[in-house]
Amino acid sequence: MESIVASASSQIDDTRHENVPRRGPPGVFVIFGGGGDLTHRLLVPALYNLASAGLLDSHFSIIVVDRADVSAADLRQSFHDSLENFVTSRGTEAVTLHDDVWKRLSDNIDYVRGAFEETATYDALARKIGNQNCIFYLAVAARFFGTIVDQLGVSGLAKESGKAFRRVIIEKPFGSDLQSAIALNERLLRTLGESQIYRIDHYLGKETVQNILALRFSNGFFEPLWNRDNIDHVQITAAETVGVEQRARFYESTGAVRDMVPNHVMQLLAMTAMEAPISFDADAVRDEKTKVLKAIHAVQHHDVVRGQYAAGSIKEQPVVGYREEPGVDPHSHTETYVAMKLMIDNWRWAGVPFYVRTGKRLAARKTEIAVHFKSAPYALFRDTPVDKLTPNIMLLHIQPTEGVTLQFSAKIPGPTVHLGGVRMKFDYSEWFHEGPSTGYETLLYDCMIGDATLFQRADNIEAGWRVVQPVLDWMHAPAGLDFYAAGSEGPKAADDLLARDHRHWLKIGS
Ligand code: BG6
């Protein structure tokens with residue numbers, strides 16, 4: 001296949017103009033569970049990147065709340081150490097830590113030691129916060145979400161007064177099934193208004209995910225084709241090469257369905273399939289996302305494949321199977337892979353299957369959406385050597401490649417009619433210069449300025465769980481599990497799922 005790279009030319013309107021956002025408001029950013037991995041790897045580096053881009057107010061401070069017996073100075077040092085490792089660049093440029101930026105940020109990091117269940121912790125916090133704006137980030141195990149929000153209510157910290165806002169950012173997992181998600185929403189909403197709750201899905205922090213809406217709705221030529229008249233089917237893949245890593249305890253009771261589908265995969269599907277919102281207002285966007293998720297048919301048992309990785313190799317290195325991983329039950333039935341065929345029951349998508357798959361220990365790390373268009377009529381090529389037409393596919397590359405590829409047919413030069421599949425590619429990093437990013441910068445900044453567009457509303461979360469709930473119900477009974485070798489394309493049953501419809505998955509590995 002030939003590759004044509006879309007390049008800047010004098011005829012193309014070059015839109016790489018600087019987009020300078022305003023500074024966030026003054027206030028306190030409180031991190032519950034601030035001593036943990038998420039804070040070190042993502043939150044502090046993201047706040048540092050925002051500071052470095054001049055987007056934090058001069059009266060911006062951080063308070064870490066945790067149980068460990070450490071001093072604020074120890075904590076600052078440990079943030080600094082991990083910052084040196086984790087402030088990364090998307091490109092090949094090395095990123096150096098700016099000492100002046102770090103000093104300004106770290107001088108304003110404070111520590112409150114205390115248990116999340118104890119009133120004294122919140123009293124100490126309240127004394128430090130006063131009546132400033134405040135964002136509470138719950139970087140804690142899910143079992144503390146309800147407790148912390150209840151305590152914020154009791155202590156008065158959740159109450160907005162005058163111009164000071166109070167917002168709470170909640171990480172996933174948001175519930176472990178539909179019922180628990182509904183219960184958690186109800187509990188949070190007893191203390192907070194919906195507009196104070198920012199439920200995070202880190203996939204929405206990815207530029208390429210945000211670009212799906214820009215691509216669909218800012219270009220006149222995609223939208224008229226984006227429906228059942230022209231699209232044959234859609235494949236959504238979120239493949240990882242990593243195994244369960246150090247998270248066996250969490251993963252054993254979670255599995256691939258809960259871990260990836262109601263949240264990340266459903267967000268990708270919603271962005272791809274939703275109707276155009278009436279504006280980019282947070283509620284307008286979230287209304288449309290929820291609507292499309294609600295239109296998904298109840299998934300049928302025979303349209304779901306659950307898999308688990310067996311021993312195999314990743315990058316030519318042997319790796320053990322899931323059941324041999326430390327901390328995993330040797331008879332575990334937890335799935336590390338799931339593939340599903342989903343049908344959306346609305347005018348735009350009736351009859352167009354959305355095949356989704358996600359798994360660990362697959363052939364490559366790749367998140368991508370492949371929109372397969374219907375073939376052109378073959379009639380014209382009847383009397384030529386062309387025996388079939390290459391399908392048109394639009395690939396939205398989410399990660400690690402970031403961009404868009406269009407696959408179409410072109411005549412192979414020569415005296416007879418032969419067609420070849422060619423690819424036209426837009427590469428994000430080639431076109432735009434991107435600053436260093438953890439993927440959390442936009443989300444944190446948006447919360448500071450009160451823009452909830454990229455966060456999940458209660459009904460959005462519940463609609464995602466509703467899609468997978470039938471699968472969770474079958475899993476109570478001894479459910480089928482198909483094994484696949486680590487480093488492979490996934491279980492054979494997933495290939496059969498598409499073969500049944502005379503289709504096949506795009507390859508994950510190269
Ligand atoms: C997390 C899951 O939400 O997303 C992990 O809990 C998974 O199991 C991760 O590895 C994938 O995120 P990303 O950004 O690496 O695709």
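All ligand and atom numbering here is 1-based and tracks the order in the structure. Numbers here are sequence positions counted from 1.
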Between His397 and Gln399, does any side-chain donor sit less than 3.5 Å from a side-chain acceptor? no
Identify the closest protein heavy atom to atom 6 (O) of ligand 1: which residue and atom is it, and at what distance? Asp259 OD1, 2.6 Å
Does Arg247 qualify as a cation-pi partner of Tyr251, given the criterion of NZ or CZ under 6.0 Å from the six-membered ring centre and within 45 degrees of its axis? no
Do Lys206 and Tyr203 form a cation-pi contact, if we require the NZ or CZ to be under 6.0 Å from the six-membered ring centre and within 45 degrees of the ring's axis? yes
among protein heavy atoms, the one nearest atom 11 (C) of ligand 1 is Glu240 OE2, 3.6 Å
Lys206 N/O under 3.5 Å from ligand 1 N/O: yes
Residue part near ligand 1, for Arg365, under 4.0 Å between non-hydrogen atoms: side chain
Would you call the rings of Tyr428 and Phe432 parallel, tilted or perpendicular if under 30° counts as parallel and over 60° as perpendicular? tilted
Quick one: does Tyr251 get an N or O within less than 3.5 Å of an N or O on ligand 1? no
Once the angle between the rings of Phe144 and Phe116 is folded into 0 to 90°, is it parallel (under 30°), tilted (30 to 60°) or perpendicular (over 60°)? perpendicular
Report yes or no: do Ser106 and Arg76 form a side-chain donor-acceptor pair below 3.5 Å? no
When you compare the side chains of Asn185 and Glu462, does any donor N or O come within less than 3.5 Å of an acceptor on the partner? yes
Lys172 heavy atoms within 4.0 Å reach ligand 1 at atoms 1 (C), 2 (C), 3 (O), 6 (O)
If you measure from atom 3 (O) of ligand 1 to every heavy atom of Glu245, Lys360, His264, which option wins on shortest distance? His264
For atom 16 (O) of ligand 1, the protein heavy atom that lies nearest, with its residue and separation: Gln399 NE2, 2.5 Å
Considering non-hydrogen atoms of the protein only, which is the closest contact for atom 12 (O) of ligand 1, and what is the distance? His202 NE2, 3.1 Å
